[in-house]
Q: 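Next up is a structure, given as structure tokens.
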Amino acid sequence: MSENVVHLHKPTDPPTDDPAPTVLTVVPDTPPAPPVPLWVRSGRKVKSAVTHETTKTTARAVARHGLYTFNGGRIVARRTWDGKTGARYERMIRTAEAAGNLEAAEEWEERLQRFRAARHHRRMDLLHSPVEAAKGIAVGTGVSIGVLVALGVVMAINNHDVTDVITPLRATIDFIALLIRIVQVVWGPALTIGPFLALLALWTVGSKQQAAPAWALPDNVRSGEGEPITPSIVVKALRDLGIPALRNAIKEMGDAGASMLGPIRIAGCGVEVDVTLPSGVSTNEVQGKRRKLAENLTRHEHEVFITIPEAARTVRLWIADSGALDEPIGPSPLVTDETPTANYKTGKAPWGQDLRGDAAALSVYQRHLLITGLSNQGKTAALRALALWLAFDRTVEFRIADLKGVGDWDMFDGLATVLIQGPTDDHVIQATEMVEGLVAEMERRLQAPPGTVFTPLVGIVDEAQVAFMCPAKDEDRRPYGGSKATSRYFMAVRKVHNQGRAVDVTLWEGTQDPTDQNLPKLVREGAHTRASLVLGTESQACMALGDKAVNGGAAPHLLRQGLDKGTLVVASDGIEIPAGQASITVRTHYISTDDAKEIAARAKALRDGVTTLHVIDRGEERDPLADIADIVGDAPRVRTKDVLARLATLNADAYGGWSFIDLKRVLDDAGAEPYKSDGVMVVSRDRVARALANRDENGSASAAE
């Protein structure tokens, strides 16, 4: 460390008798900072001036207006050239030939021939025009002078003054002299101002066409936010995709590519246009450039959808208004309509809106359903919305297993005959036995006499990947999960998929991001309606919707996680899909849990009361009369066929093979015989309760007093 220097100072006041004190000042010996060189300071100032926002704005403005004038001249020159030559017709001929339209090419060729013939005729007329013009001037001048002299003679006779004979001629000469003087005065300023007026006209043409590079345009123009979609914008976006064959074909087209486009139609919160690609350009090349196309259209990637319609070599572009897809859609009709109706066979569930803003409704009649997507993207809400609508059909029976178990399906307590909620292996075992109960009911119906009418039975398994990945095994060492032929859950699902729809037994499944491990291929392909929320990869999209839908433009992997909640890509014949497309994108109505409870309460009011089983008993000795009492619940009476169905659901091993004779035998022995009500055999709640109350300790029924 350097030492400090001590300086001694005397006071500066005048001397006195007293000795002046000495002032000690400690001054560090750090040398002063050297001055910044002049060239460094000048460089910094220059850099600050160059990079200043005002300087950049001024430079852009100068470049912009200069390019407006220059490119405006190019535009005017091209228009003049097109008007004087057959270049326009030749471009149209090349366009028609590129599009394969030979009739249009021949028509434009005929127009070109007519144009050339008319131009040749005009040029031949110009050869004779000087002589004809001279003759015309001579004759016209002579006639004019004769007329003026005749007018002067009339004036002289009238005024009795012979000098009036030349008065009209003199007046005409004076007028011509005045015009010459005016031209002499104006000619000088006109030569000075004329070039500026011409430049102004060229600037006007260039500014209207925005004939300047994007970096030179103003911020509000350069951003393109909310810019309307026009044919020129679409063609320019396609030209700049980086596909050489497409770019070259557009350059060769006389109309600059406009003939590729169909009409631009308003479609919901955006516009839709069909693009017929030129020869040598495939549709998948354009699909693979979706992000670049969206950016060329001044849109985000999620605001442009590319699908393949029926027409060959054609892509259909749907381009959203900027920010429109971030706006929520309206509430579900189930929330706003207090008296909704549903019909399993003929009705359609109001699910949401498509991208065109039209209502998207789904038919669930005899269709197995599969909904996939990443976690927390609205899968349960979308699945539950369909079930809530179908609950208003009193004939439909629900059996539900929610392998997440956080209460998302609580409102179906009293609507579903089975409601399993929980993520454990034991819940998976119960869910497996529930699906096996669907199989047992399906097989019973398949063996029923021809013409038998069955009520719809819908099984729902939410978070089905938990079941497929369950490691538990039964007493015979058969796994509940997995995708092998020994897997109980997998085989039960396959059996329902194979034959269930024929007897109105259908299965709906919801699962997270699909893979071969948590959603086997045979199960995926067994669903008639396949829908997907946002996914992580294209391979997952193919698993969720199938290769055909993805190749046709379905892209759930391009949806935005967290921002596109509730947006589904659906592949199904149960929903109206535009002709030629393999899928449709639906923005589903969100129904909150509180609203779902209110809707479910209205659906329960339409039913006679449903006893919901929360646990499926396995292997215990059964008490048939007690089970019948539990199933009947609080309802005054229940039809015998409903009692049989609920008993089979409760325990397929014990009651799966029961017939009406077995049920009647148990009730007759207990003194609670079934009877007819409105022509239908029913079981009385009071009779069963009285039989249980009168039963002795050994379980035998005593005679009623």
Side-chain angles (χ1 to χ4, degrees), residues 342 344 364 366-371 380 383-384 386-405 408-422 426-445 454-464 466-467 480 488-489 491-497 499-501 503-511 523 527 600 603-604 607 609-618 627 630-631 633 638 641-656 658:
Y344 168 77
V364 297
Q366 292 186 345
R367 290 178 177 88
H368 303 301
L369 175 67
L370 173 64
I371 297 181
T380 297
L383 191 62
R384 189 177 64 187
L386 296 176
L388 286 170
W389 171 80
L390 194 56
F392 286 92
D393 186 338
R394 298 175 55 188
T395 65
V396 178
E397 177 188 352
F398 293 99
R399 301 181 188 180
I400 301 174
D402 175 18
L403 298 181
K404 181 166 52 180
D408 288 336
W409 294 87
D410 277 346
M411 67 289 304
F412 279 82
D413 190 354
L415 280 175
T417 55
V418 175
L419 181 58
I420 300 165
Q421 299 185 92
D426 191 55
H427 292 97
V428 172
I429 293 171
Q430 294 181 35
T432 301
E433 294 181 347
M434 182 195 80
V435 179
E436 290 175 340
L438 296 178
V439 175
E441 174 63 16
M442 175 193 73
E443 293 174 344
R444 184 188 70 82
R445 294 183 178 190
F454 305 106
T455 57
L457 174 58
V458 177
I460 301 175
V461 181
D462 197 7
E463 304 294 342
V466 178
Y480 285 93
R488 290 181 59 177
Y489 181 80
M491 291 306 297
V493 171
R494 288 294 301 137
K495 289 179 180 179
V496 174
H497 280 181
Q499 296 176 300
R501 62 178 300 273
V503 288
D504 289 324
V505 177
T506 55
L507 181 63
W508 301 357
E509 290 183 287
T511 180
V523 174
K604 292 174 188 178
R607 301 179 179 236
V610 175
T611 301
T612 300
L613 302 179
H614 296 275
V615 177
I616 301 177
D617 296 327
R618 306 180 302 279
D627 288 341
D630 290 339
I631 285 170
V638 179
K641 70 173 187 177
D642 291 340
V643 173
L644 286 171
R646 296 177 188 179
L647 285 173
T649 302
L650 178 64
N651 192 303
D653 294 335
Y655 303 118
W658 268 34

Q: How are the rings of Trp409 and Phe412 set relative to one another: parallel (under 30°), tilted (30 to 60°) or perpendicular (over 60°)?
A: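 The arrangement is tilted - the two ring planes meet at 30° to 60°.
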Q: Taking the side chain as every heavy atom from C-beta outward, state whether Val428 and Tyr489 have any atom pair closer than 4.5 Å.
A: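 Contact flag for Val428/Tyr489 side chains = no.
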Q: Got a second to check how far Leu644's CG is from Trp658's CH2, nearest 0.5 Å?
A: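 Leu644 CG to Trp658 CH2: 8.0 Å, rounded to 0.5 Å.
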Q: Please tell me if the side chains of Leu386 and Leu369 come closer than 4.5 Å, counting only heavy atoms from C-beta onward.
A: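 Yes, side chains in contact.
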Q: Can you name the closest pair of heavy atoms from Ile400 and Ala416 and give their distance?
A: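 It is CD1-CB, 4.0 Å.
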Q: Minimum heavy-atom separation for Val496 and Met442, please, with both atom names.
A: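 Of all heavy-atom pairs spanning Val496 and Met442, the closest is CA-SD, 4.1 Å.
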Q: Does Val638 reach the side chain of Arg646, with side-chain heavy atoms less than 4.5 Å apart?
A: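 The answer is yes, as the side chains (C-beta and beyond) meet within the 4.5 Å cut-off.
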Q: What's the spacing between Arg607 CZ and Asp393 CG if we round to 0.5 Å?
A: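 So the gap between those two atoms works out to 7.5 Å.
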Q: From Met434 CE over to Ile420 CD1, what is the distance, rounded to the nearest 0.5 angstrom?
A: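 Result: 5.5 Å between the selected atoms.
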Q: Does the pair Thr455 and Tyr344 meet the rule for a side chain to side chain contact (heavy atoms under 4.5 Å, CB included), with working shown?
A: CA-CA 10 Å; Thr455 57; Tyr344 168 77; over 6 Å; no
Q: Phe398 and side-chain contact (heavy atoms from CB on, under 4.5 Å): which single residue from Val418, Leu457, Leu390 fits?
A: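 For Phe398, the side-chain contact (heavy atoms from CB on, under 4.5 Å) test succeeds with only one of Val418, Leu457, Leu390, which is Leu390.
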Q: Working to the nearest 0.5 Å, report the span between CZ of Arg494 and CG of Leu507.
A: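 Between atom CZ of Arg494 and atom CG of Leu507 there are 11.5 Å.
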Q: Closest approach of Thr506 and Trp508, non-hydrogen atoms and distance?
A: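 Looking at all heavy atoms of both residues, the shortest contact is OG1-NE1, 4.0 Å.
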Q: Which distance, rounded to the nearest 0.5 Å, do you find between the CG of Asp504 and the OG1 of Thr395?
A: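 Answer rounded to 0.5 Å: 9.0 Å.
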Q: Considering residues at least two apart in sequence or located in another chain, which fulfil the side-chain hydrogen bond (donor to acceptor under 3.5 Å, both in side chains) criterion with Arg399?
A: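 side-chain hydrogen bond (donor to acceptor under 3.5 Å, both in side chains) check on Arg399 returns Glu397, Thr649.
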Q: Considering all heavy atoms of both residues, which atom of Ala431 and which atom of Leu403 are nearest to each other, and what is their separation?
A: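 Taking every non-hydrogen atom into account, CB-CD2, 4.1 Å.
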Q: Would you confirm whether Arg445, through its side chain, and Ala440, through its main-chain N or O, come within 3.5 Å as a donor-acceptor pair?
A: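 It does not hold such a pair.
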Q: Write down the atom of Ala527, the atom of Leu370, and the distance for their closest heavy-atom approach.
A: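 That would be CB-CB, 3.7 Å.
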Q: Please state whether the rings of His368 and His497 are parallel, tilted or perpendicular, taking 30° and 60° as the class boundaries.
A: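 Geometry flag for His497 against His368: tilted rings.
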Q: Which atoms form the tightest heavy-atom contact between Glu436 and Ala492, and what is the distance?
A: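 Of all heavy-atom pairs spanning Glu436 and Ala492, the closest is CG-CB, 3.9 Å.
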Q: Which distance, rounded to the nearest 0.5 Å, do you find between the CG of Leu419 and the CG of Asp402?
A: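 Answer for the CG-CG pair, Leu419 versus Asp402, is 8.0 Å.
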Q: Identify which one of Asp462, Asp408, Asp413, Asp410 satisfies the side-chain hydrogen bond (donor to acceptor under 3.5 Å, both in side chains) criterion when paired with Gln421.
A: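 Of the listed residues Asp462, Asp408, Asp413, Asp410, the side-chain hydrogen bond (donor to acceptor under 3.5 Å, both in side chains) partner of Gln421 is Asp410.
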Q: Examine distances only and state if a side-chain atom of Gln366 and a backbone atom of Arg501 form a donor-acceptor pair shorter than 3.5 Å.
A: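 Yes: the side chain of Gln366 pairs with the backbone of Arg501.
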Q: Do Glu433 and Arg488 have side-chain heavy atoms sitting under 4.5 Å apart?
A: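 Side chain of Glu433 against side chain of Arg488, heavy atoms only: contact under 4.5 Å found.
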Q: With side chain to side chain contact (heavy atoms under 4.5 Å, CB included) as the criterion, how do His427 and Val466 come out once you've worked through the C-alpha distance, each side chain's angles and the decisive distance to 0.1 Å?
A: CA-CA 10 Å; His427 292 97; Val466 178; over 6 Å; no
